[in-house]
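Heavy-atom basis, side chains included; hydrogens, waters and symmetry copies ignored.
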Amino acid sequence: MHIALGAKMVDYAGFNMPVSYSGINEEHAAVRANAGIFDVSHMGEFIVKGEHALDLIQRVTTNDASKLTNGKAQYSALTNDKGGIVDDLIVYCLEQNKAYMLVVNAANIDKDWKWINSHNTKKAELHNISDKTCLLAIQGPNATRIMQALTDIDILNLTYYTFAKGKFAGVDNVLISATGYTGAGGIEIYFEDKGNDAETIWNRIFEVGGAQGLKPIGLGARDTLRLEMGYCLYGNDIDDNTSPLEAGLGWITKFTKDFTARPILEAQKSAGVEQKLVGFEMLEKGIPRHDYEIKDFSGMTIGRVTSGTQSPSLGKAIGMGYVRPVFAAIDSKIYIKVRDKLLQARVVKFPFN
């Protein structure tokens, strides 16, 4: 169906994925101004159930899942024994203290599954439902208004990081979540891949949304949209060697409970981190790319770029990268090595504007 829509396909995390349909800038603009649909069925989903479900989640994730009640979700991270990030994820509370869904990154499904199972000492019930779960993200300021016609659930008033289950486009047992990776508002819908439900839902979304300007969106615009918001991409901005505190994810790191690497991260918090993830905008012409060196005015290396692009919304080049803390203050001047030139940039706040 993506190919029929003219998508340019690429290999991503072992999946054949649409990178763009009509062009990244056009797709990006559609999501910022109106609505777009992403097929993100490559993401991983695990169910954790039983009387020890919450205990397991608490021990492997940094955020406090005990605060979750039915219908609420939270952003969190899995940490390894060295304080690095195994993955970032969303925890959905299906039934308080009893049943949860963890949504993980596609490239990390096997790694996360092994990691969580290795800590499942009390034998919580675990199910990897990744292969049979579809996930579509309908994002943009008009996304919920356009999609409301397809469901009885009041999605217009679904607050951020909450969800409801019900019928969508005539298909039963669809989980509709007010989450997303664009900063433009909208919903994500999870449903079982059975019969021709995926095709039915996809087609109904276009029947309702096509006339209202809803467009299919690929991985390219997904990346530029999330980057404008300062959202981390696993494998670029965070990985097994970066800690949540270095990545600016202290807000999802709760020291009120025990979890993997808590002592390491507590020590890091009191001593201070050695590197910090910052956003920056280019003050000279040039586009920062992953792994470009970041320098100070004397040419000494002070860090590296993790993500960068020409921002379609802002009309300027932006990026994210790790620098030594002394260079992390807002308005600090830094230099990006592009080819053999040192181009001036300025540290700015997230989201970019």
Side-chain angles (χ1 to χ4, degrees), residues 1-10 12 15-43 45 92 103 106 129 131-160 162-222 224-226 312:
M1 295 183 81
H2 294 301
I3 291 164
L5 285 165
K8 179 185 171 194
M9 306 296 286
V10 293
Y12 181 79
F15 293 83
N16 192 24
M17 298 282 293
V19 70
S20 68
Y21 301 83
S22 56
I24 290 171
N25 287 359
E26 188 183 310
E27 291 166 34
H28 181 109
V31 174
R32 281 278 178 259
N34 185 29
I37 177 172
F38 304 77
D39 178 0
V40 278
S41 300
H42 62 309
M43 298 290 280
E45 295 86 12
Y92 288 85
V103 180
I129 60 165
D131 286 347
K132 60 181 184 183
T133 305
C134 285
L135 171 55
L136 300 175
I138 304 98
Q139 297 281 291
N142 294 324
T144 51
R145 183 184 58 75
I146 294 169
M147 291 298 100
Q148 186 60 76
L150 290 173
T151 182
D152 291 336
I153 296 167
D154 180 9
I155 56 173
L156 287 170
N157 294 304
L158 204 55
T159 52
Y160 197 44
T162 66
F163 66 91
K165 284 177 97 166
K167 194 175 271 200
F168 184 89
V171 174
D172 285 322
N173 200 30
V174 177
L175 188 154
I176 306 177
S177 164
T179 48
Y181 196 44
T182 64
I187 53 171
E188 295 184 299
I189 59 171
Y190 298 84
F191 56 96
E192 191 179 347
D193 177 23
K194 61 176 197 276
N196 60 352
D197 285 354
E199 196 173 338
T200 299
I201 288 178
W202 180 266
N203 287 335
R204 289 286 289 130
I205 286 169
F206 277 99
E207 279 167 29
V208 168
Q212 299 181 68
L214 177 134
K215 287 185 161 43
I217 315 293
L219 285 176
R222 184 171 166 84
T224 55
L225 288 157
R226 69 90 194 168

Over 12 non-hydrogen atoms of neighbours within 6.0 angstrom of CG in Asp154: yes
Point-to-point distance, once rounded to the nearest 0.5 Å, from CG of Asp193 to CG of Asp131: 9.5 Å
Sidechain-backbone polar pair: Asn34 side chain, Asn142 backbone, donor-acceptor under 3.5 Å: no
Lys132 NZ to Glu45 CD distance, which is reported to the nearest 0.5 Å: 11.5 Å
Nearest heavy-atom neighbours spanning Val19 and Glu27: O-OE1, 4.5 Å
Point-to-point distance, once rounded to the nearest 0.5 Å, from OH of Tyr190 to NZ of Lys165: 12.0 Å
Heavy-atom closest contact (Ala7 atom, Pro18 atom, distance): CB-CB, 3.8 Å
Main-chain N/O of Leu136 paired with Glu188 side-chain donor or acceptor, under 3.5 Å: no
Side-chain donor or acceptor of Glu207 paired with backbone N/O of Gly210 under 3.5 Å: no
Side-chain (Ser41) to main-chain (Leu135) donor-acceptor, under 3.5 angstrom: yes
Residue pair Ala106 / Phe15: nearest heavy atoms and the distance that separates them: CB-CE1, 4.2 Å
Backbone N/O of Glu192 and side chain of Thr133: donor-acceptor pair under 3.5 Å: no
Over all atoms of both residues, closest heavy-atom pair of Ala169 and Ile201: CB-CG1, 4.1 Å
Heavy-atom pair of closest approach, residues Leu225 and Arg32: O-NH2, 3.1 Å
Sub-4.5 Å side-chain heavy-atom contact between Met147 and Ile205: yes
Taking every non-hydrogen atom, the tightest pair across Thr224 and Pro312: CB-CD, 4.0 Å
Thr162 side chain to Leu158 backbone, donor-acceptor under 3.5 Å: no
From CD1 (Ile176) to CD1 (Ile189), nearest 0.5 Å: 6.5 Å
